[in-house]
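One-based numbering, in listed order, for ligands and for the atoms of each. Quick caveat: nothing in here was measured; it's all calculated off a predicted structure.
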Amino acid sequence: MSEENKYDLVIIGSGPGGYVAAIRGAQLGLKTAIIEKEKHLGGTCLNVGCIPSKALLHSTEMYHFAGHGAKAHGIELSNLSISIEQLMAKKSKTVDQLRGGVQHLMKANKIKVFQGLGMLAGDGKVRIKEKNDERTLSAKHIIIATGSATIELPFLKFDGETVVSSDQAIAFEKVPAKLAVVGAGAIGLELGSVWARLGAQVDVIEFLPNIAPTFDKDVSKMAERLFKKQGMNFHLQTKVTGLKTAKGKTILTAEKDGQEIEFEADKILVAVGRKPYTERLGLETVGIETDEKGRIPVDKHFKTSAHGVYAIGDVIPGPMLAHKAEEEGVACVERIAGQAGHVNYEVIPNVIYTEPEIASVGLTEAAAKEAGIEFKSGKFNLAGNGRAIATDATDGFVKVTACAKTDRILGVQVIAKSASELIASAVTHMEYGGSAEDLGRTIHAHPTLSEALKEAGLAVGGNAIHST
Ligand code: NAI
């Protein structure tokens with residue numbers, strides 16, 4: 001094999017896990033290549049996930065404010081309208097800019113980019129099926145970072161037109177009159193919010209008793225109340241059963257307490273989770289077997305059962321989050337380079353970018369209870385925060401849960417405007433093993449929403465200042 005096709009590190013998949021691992025590899029002096037089957041680098045997150053959805057959320061939030069909040073500030077707007085075409089163009093511009101950024105980072109770090117389908121091809125080999133060509137690379141180390149794909153319900157197959165995944169729901173050409181959303185997790189709530197703000201009737205059908213079910217119950221309950229006020233309808237403990245057509249209309253059928261319910265819908269967004277993506281990856285050529293959920297088993301250094309083959313991100317166990325994949329990519333490459341990279345799985349923040357946003361890190365009260373840990377919690381309502389009052393952001397609260405014996409923070413839950421930013425300081429405190437008192441005694445600028453975090457820390461000891 002020519003020197004040109006020999007690499008220290010070959011990464012399959014260029015999402016946040018893969019491309020970040022590639023950069024770290026190059027920084028550490030490894031001759032690195034990355035393979036991407038799609039036209040653009042960046043994976044689901046950049047192209048059809050986190051980034052475009054955040055652009056749509058931002059634009060529609062401003063539209064919603066213009067129609068519902070501006071007047072209270074003395075801002076008079078008449079003939080308010082929104083162009084979906086322009087909204088989508090703005091979203092695409094954001095995505096394009098970031099695609100260019102990743103491309104630039106590859107070039108700047110001298111990482112070789114191959115566009116084609118990458119497949120394992122036996123010990124230390126990766127085959128790339130390009131458009132009109134095929135080539136084989138040899139690699140001392142191979143990282144699988146192929147991410148995940150949307151889960152399809154057997155009785156609700158995607159047709160890309162009426163029954164859609166988030167891939168299409170970020171790109172509707174017009175506002176659907178009636179949008180049914182199956183699943184009240186991150187995607188269902190974020191994209192449900194986008195289209196509800198644009199005027200769609202949104203019915204969210206969720207199997208479990210709460211929306212955003214992985215968050216603290218108090219958070220879920222408040223979110224449900226606030227999102228209902230924004231016009232979303234929730235149907236909880238409701239099981240979707242099928243699809244039918246009646247009088248030319250599409251009807252989603254569901255069941256609650258033994259009763260059949262019908263939802264007429266122009267579009268049905270199925271957002272019931274994602275599954276690891278390992279199709280046509282050649283795992284069998286190196287003897288890797290996936291587990292019962294289709295994930296690639298790895299040890300704590302991301303090594304698979306095959307020598308020199310590693311896996312990170314959505315294809316391995318753990319939360320399917322871009323920042324988790326990134327950290328794993330960095331830690332995995334550092335291990336390969338003989339350094340001590342590691343990921344602290346106890347402090348991975350989780351965010352839903354609705355309005356208000358929902359963010360958490362660490363254990364919920366329910367999880368602490370289940371683990372048999374004695375805990376105490378402190379809660380602070382945004383209604384008692386000066387900045388929140390001055391900026392119409394009083395909906396929400398911060399809850400800090402700490403070990404009853406040591407006061408060490410176990411988890412933090414936030415439902416508030418900018419919760420995605422607020423959670424960062426909670427993550428930092430936890431990373432350093434901080435206590436609720438540490439957080440409560442840390443000076444936060446006044447007036448900021450972040451003071452609610454400090455107050456919730458103080459509240460754990462019953463010492464919050466601005467609560468009654
Ligand atoms: P999810 O796992 O967050 O939520 C799926 C929801 O669907 C759950 O509440 C579940 O109980 C419900 N469900 C499952 N089967 C159902 C059924 N048959 N009928 C009714 N409800 C049903 O999955 P989602 O929203 O599809 O997101 C996929 C992945 O992408 C997740 O891992 C998520 O964390 C990640 N993601 C993260 C985002 C963020 O960080 N803001 C944004 C979007 C996605």
Side-chain angles (χ1 to χ4, degrees), residues 15-17 43-58 147-158 163-170 180-194 203-215 217 219-220 223-224 227 233-243 252-256 261 263 265 268-277 293-295 313-326 348-361 414-415 419-421 423 427:
T44 299
C45 174
L46 197 167
N47 294 290
V48 288
C50 326
I51 298 297
S53 61
K54 259 74 283 168
L56 292 178
L57 281 157
H58 177 61
S148 58
T150 318
I151 291 177
E152 190 172 52
L153 291 173
F155 46 85
L156 214 52
K157 296 249 184 235
F158 294 121
V163 182
V164 301
S165 72
S166 50
D167 290 10
Q168 289 87 36
I170 57 161
V181 177
V182 185
I187 293 179
L189 293 175
E190 290 183 7
L191 293 181
S193 294
V194 164
D203 284 290
V204 183
I205 300 127
E206 166 62 51
F207 190 65
L208 295 172
N210 291 299
I211 69 165
T214 56
F215 289 80
K217 267 213 178 70
V219 170
S220 297
E224 186 187 335
F227 300 159
N233 307 310
F234 294 105
H235 310 271
L236 304 176
Q237 288 175 296
T238 304
K239 200 171 121 193
V240 173
T241 50
L243 192 66
L252 179 69
T253 58
E255 197 186 290
K256 184 181 168 80
I261 323 174
F263 299 94
I268 299 164
L269 164 62
V270 181
V272 297
R274 298 179 62 85
K275 58 180 182 206
Y277 185 81
K293 290 188 172 154
R295 304 173 298 195
D314 287 7
V315 277
I316 69 168
M320 289 183 168
L321 297 170
H323 43 279
K324 177 250 191 194
E326 287 182 32
I348 299 179
N350 192 6
V351 179
I352 302 184
Y353 295 81
T354 41
E355 177 51 46
E357 293 177 344
I358 301 172
S360 73
V361 58
V414 185
I415 173 164
S420 58
E421 307 291 347
I423 201 70
V427 176

Q. How long is the gap from CZ on Phe215 to OG on Ser220, to the nearest 0.5 Å?
A. 8.0 Å
(Q) Going by the closest heavy atom to atom 3 (O) of ligand 1, which one wins out of Ser53, Ala184, Ala186, Ser148? (A) Ala186
Q) Quick one: does Lys239 get within less than 4.0 Å of ligand 1, heavy atoms only? A) no
Q) Under 3.5 Å, N or O to N or O, is Arg274 touching ligand 1 that way? A) no
Q. Which residue supplies the protein heavy atom nearest to atom 4 (O) of ligand 1, what is that atom called, and how far is it?
A. Gly185 CA, 3.3 Å
Q. Which is it for Val182 and ligand 1 at heavy atoms under 4.0 Å: side chain, backbone, both or neither?
A. side chain
(Q) Working to the nearest 0.5 angstrom, can you tell me the gap between Leu189 CG and Phe227 CZ? (A) 6.0 Å
Q.
Which of the numbered atoms in ligand 1 are under 4.0 angstrom from any heavy atom belonging to Tyr353?
A. 41 (N)
Q. Is Val351 in polar range of ligand 1, meaning some N or O pair under 3.5 Å apart?
A. yes
Q: Apply side-chain contact (heavy atoms from CB on, under 4.5 Å) to Lys275 and Ser148, showing your working.
A: CA-CA 5 Å; Lys275 58 180 182 206; Ser148 58; 6.0 Å; no
Q: Using a strict cut-off of 4.0 Å, indicate which atoms of ligand 1 neighbour a heavy atom of Ile205.
A: 20 (C), 21 (N)
Q. So, Thr241 and Glu255: side-chain donor and acceptor under 3.5 Å apart, yes or no?
A. no
**Q.** Ligand-residue contact atoms, ligand 1 with Glu190, heavy atoms, under 4.0 Å
**A.** 41 (N), 42 (C)
**Q.** Atom CZ of Phe207 with >12 non-hydrogen neighbours under 6.0 angstrom
**A.** no
Q: Can you sort out which atoms of ligand 1 are near Met320, meaning under 4.0 Å from one of its heavy atoms?
A: 32 (O), 34 (O), 35 (C)
Q. Atom 2 (O) of ligand 1: which protein heavy atom is closest, and how many Å away?
A. Gly273 CA, 4.1 Å
Q. Is Thr238 reaching over with its side chain to a backbone N or O of Leu236, donor-acceptor style, under 3.5 angstrom?
A. yes
Q. Heavy-atom count around Lys256 NZ within 6.0 Å, excluding the residue itself: above 12?
A. yes
Q.
Please classify the Pro213 to ligand 1 contact at 4.0 Å (heavy-atom distances, strictly less than): side chain, backbone, both or neither.
A. side chain
Q. Which atom names give the shortest non-hydrogen contact between Val240 and Val182, and what distance separates them?
A. CG2-CG1, 3.6 Å
Q: Report, in ascending order of atom number, the atoms of ligand 1 lying under 4.0 Å from any heavy atom of Leu321.
A: 34 (O), 40 (O)
Q: Around atom 20 (C) of ligand 1, find the nearest protein heavy atom and jot down its residue, atom name and distance.
A: Phe207 N, 3.4 Å
(Q) Just so I know, are the side chains of Ile268 and Leu243 near enough to count as touching, which here means a heavy-atom distance under 4.5 Å? (A) yes
Q: Quick one: look at Leu208 and ligand 1, take heavy-atom pairs under 4.0 Å, and tell me if it's side chain, backbone, both or neither.
A: side chain
Q: Compare Pro209, Ala271, Gly183 and give the one whose heavy atom is closest to atom 5 (C) of ligand 1.
A: Ala271
**Q.** For atom 10 (C) of ligand 1, closest protein heavy-atom neighbour
**A.** Glu206 OE2, 3.5 Å
Q) In terms of residue, atom name and distance, what is the protein heavy atom nearest to atom 16 (C) of ligand 1? A) Val272 CG1, 3.5 Å
Q) Just wondering, more than 12 heavy atoms not from Glu421 lying within 6.0 Å of its CD? A) no
Q: Could you pull out, from Leu57, Ile187, Leu236, the option with a heavy atom nearest to atom 44 (C) of ligand 1?
A: Ile187
Q: Give yes if a backbone or side-chain nitrogen or oxygen of Asn350 is under 3.5 Å from a nitrogen or oxygen of ligand 1, and no if not.
A: no
(Q) Would you say that Val351 contacts Ile358 through its side chain, given a criterion of any heavy-atom pair below 4.5 Å between the two side chains? (A) no
(Q) Taking the six-membered ring for Trp, are His235 and Phe263 closer than 6.0 Å centroid to centroid? (A) yes
